[in-house]
Amino acid sequence: MTNKSGIKRLNWILALIVAVLIFIVIGVAQMFSILGKKIEQQMANEFNQQQLVLARHIKDRIEDNVLFVESYLETVSGESELK
């Protein structure tokens with residue numbers, strides 16, 4: 001009878017260890033999932049910031065080109081009025 005109760009106790013301990021290990025694995029998987037989502041958000045934010053900087057740079061270049069063309073047209077139209 002002692003042997004059977006010992007086996008039952010061992011089975012119960014093994015079941016408890018397996019349950020704890022399952023919870024640990026689930027917890028670690030959940031942490032990696034949350035971490036992955038945070039990294040994805042961070043990368044998306046950094047990409048958006050880089051795109052914003054690039055768009056502002058392009059806007060500035062376009063404005064500079066428009067000002068140059070306006071200045072050139074004013075110069076050319078002023079020269080044609082003199083002739």
Side-chain angles (χ1 to χ4, degrees):
M1 194 100 160
T2 308
N3 194 17
K4 285 186 179 182
S5 65
I7 291 174
K8 284 183 181 181
R9 185 173 181 188
L10 184 61
N11 285 340
W12 187 84
I13 291 172
L14 284 173
L16 182 64
I17 290 172
V18 168
V20 168
L21 288 175
I22 289 172
F23 281 117
I24 289 172
V25 167
I26 290 172
V28 169
Q30 185 68 23
M31 284 177 22
F32 276 116
S33 175
I34 291 170
L35 180 63
K37 288 177 184 176
K38 286 185 178 184
I39 290 172
E40 184 179 346
Q41 287 176 338
Q42 178 73 22
M43 290 177 67
N45 288 339
E46 287 179 17
F47 176 78
N48 289 338
Q49 288 298 320
Q50 290 173 352
Q51 292 297 306
L52 186 58
V53 167
L54 183 60
R56 286 181 178 152
H57 178 71
I58 292 170
K59 176 195 71 90
D60 290 341
R61 295 287 305 263
I62 291 171
E63 285 178 349
D64 290 344
N65 288 339
V66 167
L67 289 174
F68 173 77
V69 169
E70 286 176 347
S71 173
Y72 178 76
L73 290 175
E74 287 174 2
T75 303
V76 170
S77 67
E79 289 178 1
S80 65
E81 289 176 5
L82 294 176
K83 292 182 180 180

Are V25 and I17 connected, step by step, through hydrophobic side chains (Ile, Leu, Val, Met, Phe, Trp, Tyr) whose heavy atoms are closer than 4.5 Å? no
If you look only at pairs with a residue in residues 30-41, which of them pass as a side-chain hydrogen bond (donor to acceptor under 3.5 Å, both in side chains), with sequence neighbours excluded? none
Any chance you could measure I7, atom CD1, to L14, atom CG, to the nearest 0.5 Å? 11.5 Å
Contacts of I62 meeting side-chain contact (heavy atoms from CB on, under 4.5 Å) (sequence neighbours excluded), chain-then-number -> I58, V66
Check for me, please, whether M43 and L35 land in the same ILVMFWY cluster - side-chain distances under 4.5 Å, paths through other members count. yes
Residue pairs, two or more places apart or on separate chains, that pass salt bridge (Lys or Arg N to Asp or Glu O under 4.0 Å) and touch residues 49-65: K59-E63
Those residues that, when tested against E46, pass side chain to side chain donor-acceptor pair (under 3.5 Å) (two or more places apart): Q42
Among residues at least two apart in sequence or on other chains, which ones pass side-chain contact (heavy atoms from CB on, under 4.5 Å) with L73? V69
How does the hydrophobic cluster around I26 look, that is, which other residues are in it when side-chain heavy atoms under 4.5 Å mark a link? V18, I22
Identify, with sequence neighbours excluded, every residue that meets side-chain contact (heavy atoms from CB on, under 4.5 Å) alongside L67. E70
